[in-house]
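Take a look at the structure below.
Labels below follow one simple rule: chain letters A, B, ... track the order of the sequence lines, proteins then strands, and each chain is numbered from 1.
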Amino acid sequence: MYRHLQHRLSDHICKFLRRTYDLDLADIVIEQPPRVELGEYAMPLAFDLAKRLRKAPRKIAEEIVAGIGEIDGYEKFAVAGAGYINAYLKRGPMATAITIDEKPQSKVPDGKVLVEHSSINPNKAAHVGHLRNAILGDTFVRLLRFSGRRVDVQNYIDNTGVQVADVVVGFLHIQKKSREEIEQLAREPRFDYYCWDLYARVSQWYQEDKANLQLRLQTLHDIEHGGNESAAVADVISVAVLKRHLETMDRLDIEYDFLPRESEILKLHFWDAAFEKLKAGGVLFFENEGKNKGCWVMRRGGTAKSEHADAIRKDEDILTIVPLKSEVDVRLDEVSEEDQKVIVRSNGTVGYVGKDIAYHMWKFGLLSRDFGYLKFYRYPNGHDCWISSTDGVPDHPHFGDVAEIYNVIDARQSEAQNTVVDALRGLGYNDQADHYTHFSYEMVALTPRCATELGYELSEEDSKRPYIEVSGRKGFGVKADDLLDRLIASARAEVDSRHPELSDEERSTIAIQIAVGALRYFMLKFTKQSVIAFDFKEALSFEGETGPYAQYAAVRATNIFRKAGIEPETLEKDVASYVSTGEFDKYLNGSDTDDLWALWLAASKTSYVVDQAIATTEPAYLAKHAFQLAQLFNVFYHRYPVLAELDEERKKFLLATVFVVRRELMRVLSVMGIAVPAVM
RNA sequence: GCGCCCGUAGCUCAGUUGGAUAGAGCGAACGGCUACGAACCGUUAGGUCGGGAGUUCGAAUCUCUCCGGGCGCACCA
């Protein structure tokens with residue numbers, strides 16, 4: 001509702017400016033005033049116009065306020081400070097609109113969206129870093145779906161790379177296991193943990209004797225070729241570990257629709273199709289000399305020189321045009337060795353970026369090839385997750401061929417991502433390149449204290465650093481399932497002490513909901529560009545700015561209804577007649593009502609916040625909003641004992657307040673993938 | 001060396017497209033349970049927004065520069 005009224009205000013003001021001053025502004029800046037006493041929207045536009053109209057800002061603001069006339073839903077406009085225009089809403093009608101959940105329709109783009117996230121190498125257990133990726137990705141999927149988009153969720157599986165090869169080497173050459181023994185192990189409950197340890201051991205084994213690296217190369221080669229023991233073992237391992245990853249993520253309510261695997265990208269010759277187009281389009285060129293001799297290379301992402309090869313530099317008072325030497329080397333085949341990225345190696349094999357280019361051409365339906373599809377995993381709720389295969393079943397959902405893509409991949413890979421975008425652009429697919437978003441986020445690292453707690457010995461240098469990077473290769477990290485287990489155990493202890501009257505099963509369900517709430521909130525409260533220095537103490541906290549804090553607020557709201565003997569779901573049906581607009585006006589205007597109004601206003605902002613979160617690919621806004629709503633509600637809860645209210649009419653108004661806040665809180669939490677427990 | 005990111009309270013972080021008095025949480029000190037259950041609420045202390053220069057009516061936010069930290073820059077993925 002908040003979002004809708006803002007658009008209405010913006011449109012109206014723009015029209016007024018065009019009419020009155022002949023100014024054509026596409027959009028105007030609308031802010032949120034620091035306090036509700038100053039209205040619901042603030043516009044500093046008079047400051048901007050001051051110069052163009054050559055008048056004092058305050059005078060312009062006064063003219064605008066006097067001239068704009070009535071806007072539906074708005075009570076008044078006022079000039080404040082040196083020239084702010086503050087807009088005040090009609091609180092009664094606004095409250096009615098919020099209560100009945102009025103949703104003015106907004107345009108939803110047509111095409112399908114593809115979100116790729118998780119993409120964990122299937123050779124070891126998932127760790128905290130993977131959790132951040134999956135939680136960010138899943139929340140973004142929920143955001144898009146909430147706003148009406150059709151979304152496919154994909155999890156790319158690199159089942160033929162060195163990481164899987166290393167574990168194969170571990171099983172076959174260090175442990176000397178037979179395929180049957182490995183298959184047996186793969187059926188064990190936490191096979192991914194076994195691989196975690198083995199993977200670290202293999203890395204060590206390579207260091208012990210460099211000759212061992214020869215086996216890695218050979219194994220990698222065998223896996224890529226297929227039809228041999230190493231490839232068969234790699235398949236057993238990667239499929240088993242992948243299943244474990246799906247189980248782990250399912251504990252957090254994270255599901256996927258399709259799992260494209262690198263093995264099919266190879267076997268179905270996606271690269272061959274892409275290679276032809278890239279050569280024909282002049283994106284790739286063959287290097288005849290230097291260190292990349294014999295390779296097909298392209299310009300590394302992000303190194304392209306500016307289109308206007310000139311830079312304007314202001315030096316004191318003199319404007320100087322400085323031509324860059326790039327005028328000379330804009331030609332693709334003269335990209336310096338430094339800026340070259342090898343796509344096809346001199347032995348003819350294609351590297352990761354090349355496969356990724358082909359995969360992304362497929363995503364946009366530009367490859368004229370498709371995967372085969374098989375059902376791979378059925379979630380407890382009945383949803384099917386599909387996997388790529390050389391020959392699939394004829395009847396399957398249509399994946400790929402989408403209008404927009406988001407790749408949730410950490411910031412370390414931004415150069416590779418830019419290279420893929422550049423390749424699309426180089427082929428002339430500008431529209432697709434414009435709808436390609438690298439959803440970039442920073443890694444999760446461990447604080448030195450956390451590392452010590454886990455039993456790792458740190459060098460003196462490391463112990464002084466703010467954080468230390470997780471390393472699967474070294475087996476250094478916090479495993480996702482371990483973290484969840486600890487969170488659940490900790491939540492369970494709290495629930496046990498607070499609710500001994502509940503059954504074992506009920507307490508278990510609540511503990512899981514709280515643990516998941518805490519974890520998902522923790523991963524979402526930081527903005528993407530912030531490195532999370534992971535610490536058990538903070539992650540295991542259930543107080544303050546945490547998921548359980550927000551869950552608790554929602555539970556409190558539910559408790560009020562329970563005590564009142566009212567079902568919120570029943571109330572929802574005839575909520576329109578519960579409190580009249582006149583009554584809302586009575587209780588939301590006048591002195592000392594700003595705190596109540598602030599709560600209503602916060603409750604009206606969900607769709608506004610969702611829009612912001614999508615436009616900026618920043619789910620942290622959602623977490624902030626959930627917390628603010630919960631915080632305002634908790635203050636309300638203390639200040640207004642709803643059920644003790646003697647005035648029946650006012651009591652209904654307070655109940656409507658609780659109803660609306662509860663609904664919005666649950667809505668926001670659900671977009672974050674957080675459930676609200678029955679009791680806490 | 002080149003590229004990207006970060007530097008805000010003791011600690012961990014917010015701060016939308018430049019805007020009104022820079023905000024939370026944790027931690028610290030004190031206070032609040034007659035239960036709509038305190039996983040909560042209140043009060044207090046705590047800031048030269050890394051330093052400097054510039055643009056602007058206005059800068060934590062934009063530009064430049066310096067300092068400090070992180071991450072990239074494989075015929076790995």
(message) Applying a 4.0 Å non-hydrogen cut-off, can you work out what Gln612(A) is touching in the nucleic acid: base, sugar-phosphate, or nothing?
(response) base
(message) Does Tyr549(A) reach a base, just sugar-phosphate, or nothing at all? Heavy atoms under 4.0 Å.
(response) sugar-phosphate
(request) Could you measure between the two P atoms, the one in rG15(B) and the one in rA9(B), and give it in whole Å? (result) 15 Å
(message) What I'd like to find out is whether the side chain of Glu469(A) reaches to under 4.5 Å of the side chain of Lys474(A), using heavy atoms alone.
(response) no
(request) Search all heavy atoms of Gly81(A) against all heavy atoms of Arg58(A) and return the closest pair with its distance. (result) O-NH1, 2.6 Å
(request) Using atom CZ of Phe561(A) as one end and atom C1' of rC36(B) as the other, report the distance to the nearest whole Å. (result) 11 Å
(request) Quickly work out the Glu31(A) CD to rU17(B) P distance and round it to whole Å. (result) 11 Å
(request) Check Asn123(A) against Cys195(A) and note the closest heavy-atom contact, atom names and distance. (result) O-CB, 3.2 Å
(message) Please pick, from rC71(B), rC75(B), rU16(B), the nucleotide with the shortest atom-to-atom distance to any side-chain atom of Glu469(A).
(response) rC71(B)
(request) Just call it for Val495(A): base, sugar-phosphate, or nothing, with non-hydrogen atoms closer than 4.0 Å on any strand. (result) base
(message) Could you tell me how far rC6(B) sits from rC62(B) if I compare only their P atoms? Round to whole Å.
(response) 9 Å
(message) Does Lys293(A) reach a base, just sugar-phosphate, or nothing at all? Heavy atoms under 4.0 Å.
(response) base
(message) Does Asn634(A) contact rA39(B) through a side-chain donor or acceptor facing the base, at a distance under 3.5 Å?
(response) no
(request) Considering just the side-chain nitrogens and oxygens of Arg556(A), establish if one lies under 4.0 Å of OP1 or OP2 belonging to rA38(B). (result) yes
(message) Using whole Å, what does the distance between atom P of nucleotide rA24(B) and atom CD of Glu545(A) come to?
(response) 12 Å
(message) On a heavy-atom basis, which atom in Ala423(A) and which in Leu278(A) lie closest, and how many Å separate them?
(response) CB-CD2, 4.2 Å
(request) Report the distance from atom OH of Tyr637(A) to atom P of rA39(B), rounded to the nearest whole Å. (result) 10 Å
(message) Using heavy-atom distances to pick each residue's nearest nucleotide on RNA chain B, tell me which of Phe542(A) and Gln529(A) is more 5'.
(response) Gln529(A)
(request) For Gly161(A), report the nucleic acid contact type (base, sugar-phosphate, nothing); a contact means any heavy atom under 4.0 Å. (result) nothing
(request) Return the orientation label for the Phe659(A) and Phe561(A) ring planes: parallel under 30°, perpendicular over 60°, tilted otherwise. (result) perpendicular
(message) Can you identify which nucleotide, out of rG69(B), rG42(B), rA77(B), has its nearest atom closest to the Val635(A) side chain?
(response) rG42(B)
(request) Using a heavy-atom cut-off of under 4.0 Å over every strand shown, decide if Asn86(A) touches base, sugar-phosphate, or nothing. (result) base
(request) Would you mind pulling out the nucleotide paired to rG1(B), Watson-Crick or G-U wobble, both distances under 3.5 Å? (result) rC73(B)
(message) With a 3.5 Å limit on both atom pairs, tell me what rC62(B) is paired to, counting Watson-Crick and G-U wobble, or say none.
(response) rG54(B)
(request) State, to 0.1 Å, how close Thr546(A) and Ser541(A) come at their nearest heavy-atom pair, and which atoms those are. (result) CG2-O, 3.5 Å
(request) Would you mind pulling out the nucleotide paired to rC49(B), Watson-Crick or G-U wobble, both distances under 3.5 Å? (result) none
(request) Kindly say if Arg58(A) contacts the phosphate of rA20(B), meaning a side-chain N or O under 4.0 Å from OP1 or OP2. (result) no
(request) Choose from rC36(B), rC71(B), rG69(B) the nucleotide whose nearest atom is closest to any side-chain atom of Val642(A). (result) rC36(B)
(message) Give me the distance, rounded to whole Å, that separates rC75(B) from rA53(B) when you measure between the C1' atoms they each carry.
(response) 47 Å
(request) Considering only atom P, compute the distance from rG1(B) to rU8(B) and round it to an integer number of Å. (result) 25 Å
(message) Using Watson-Crick or G-U wobble geometry with both distances under 3.5 Å, which nucleotide pairs with rU43(B)?
(response) rA29(B)
(message) Rounding to an integer number of angstrom, what distance separates rG46(B) and rG54(B) when you compare their C1' atoms?
(response) 32 Å
(request) Check whether any side-chain nitrogen or oxygen of Arg498(A) sits under 4.0 Å from OP1 or OP2 of rG37(B), and answer yes or no. (result) no
(request) Have a look at Tyr640(A) and say if it touches a base, only the backbone sugar-phosphate, or nothing, with a 4.0 Å heavy-atom cut-off. (result) base
(request) Indicate whether OP1 or OP2 belonging to rG37(B) is found under 4.0 Å from a side-chain N or O atom of Asn559(A). (result) yes
(request) Nearest whole angstrom, please: distance from the P of rC73(B) to the CD of Glu337(A). (result) 17 Å
(request) Compute the centroid of each ring, for Tyr2(A) and then for Tyr41(A), and state whether the two points are separated by less than 6.0 Å. (result) yes
(message) Expressed as a whole number of angstroms, how long is the span from Glu415(A):CD to rC71(B):C1'?
(response) 12 Å
(message) Taking side-chain hydrogen bond (donor to acceptor under 3.5 Å, both in side chains) as the definition, give me every residue that meets it alongside Thr437(A), ordered by chain and number, with sequence neighbours left out.
(response) none
(message) Using the C1' atom as the point on both nucleotides, what is the distance between rC49(B) and rA59(B), in whole Å?
(response) 11 Å
(message) If you go through the side-chain atoms of Ser346(A), does one of them form a donor-acceptor pair with the base of rC75(B) closer than 3.5 Å?
(response) yes
(message) Using whole Å, what does the distance between atom P of nucleotide rA20(B) and atom CD1 of Ile30(A) come to?
(response) 17 Å
(message) Below the 4.0 Å mark, does rC6(B) have OP1 or OP2 next to a side-chain nitrogen or oxygen of Tyr467(A)?
(response) no
(request) Look at all strands and tell whether Ile514(A) reaches a base, only sugar-phosphate, or nothing, counting heavy atoms closer than 4.0 Å. (result) base
(request) Quote, to the nearest angstrom, the P distance that separates rG25(B) from rU21(B). (result) 22 Å
(message) Taking only the P atom of each, what is the distance from rG3(B) to rU65(B) in whole angstrom?
(response) 10 Å
(message) Pairing check on rG23(B): which nucleotide meets the Watson-Crick or G-U wobble criteria with it, both distances under 3.5 Å?
(response) rC13(B)
(message) Expressed as a whole number of angstroms, how long is the span from Gln628(A):CD to rG25(B):C1'?
(response) 12 Å
(request) Would you mind telling me which residue lines up with the more 5' stretch of RNA chain B, Leu220(A) or Thr616(A), judged by nearest nucleotide? (result) Thr616(A)
(message) Is there a side-chain contact between Tyr352(A) and the phosphate of rA77(B), meaning an N or O under 4.0 Å from OP1 or OP2?
(response) no
(message) If you compare all heavy atoms of Ile510(A) against all heavy atoms of Pro677(A), which two are closest, and at what distance to 0.1 Å?
(response) CG2-CB, 3.9 Å
(message) How close do Ala511(A) and Ile488(A) get, counting heavy atoms only, and between which atoms?
(response) CB-O, 4.0 Å
(message) On the nucleotide rC73(B), are OP1 or OP2 found under 4.0 Å from the side-chain N or O atoms that Gln340(A) carries?
(response) no
(request) Fit a plane to each ring of Phe275(A) and Trp271(A), take the angle between them on a 0 to 90° scale, and name the class: parallel (under 30°), tilted (30 to 60°) or perpendicular (over 60°). (result) parallel
Nucleotide N/O of nucleotides 21-23 of chain B paired with protein N/O under 3.5 Å:
residue : atom : partner  : partner atom : Å
rU21(B) : O4   : Arg35(A) : NH1          : 3.0
rU21(B) : O4   : Arg35(A) : NH2          : 3.4

(message) I'd like to know whether Gln163(A) forms a side-chain contact (heavy atoms from CB on, under 4.5 Å) with Tyr199(A), so could you lay out the CA-CA distance, the side-chain angles of the two residues, the decisive distance to 0.1 Å, and finally the verdict.
(response) CA-CA 8 Å; Gln163(A) 294 216 25; Tyr199(A) 181 46; 3.3 Å; yes
(message) Please classify the nucleic acid contact of Lys51(A) as base, sugar-phosphate, or nothing, using heavy-atom distances under 4.0 Å.
(response) sugar-phosphate
(request) From the options rC73(B), rC75(B), rU17(B), select the nucleotide whose nearest atom is closest to the side chain of Val29(A). (result) rU17(B)
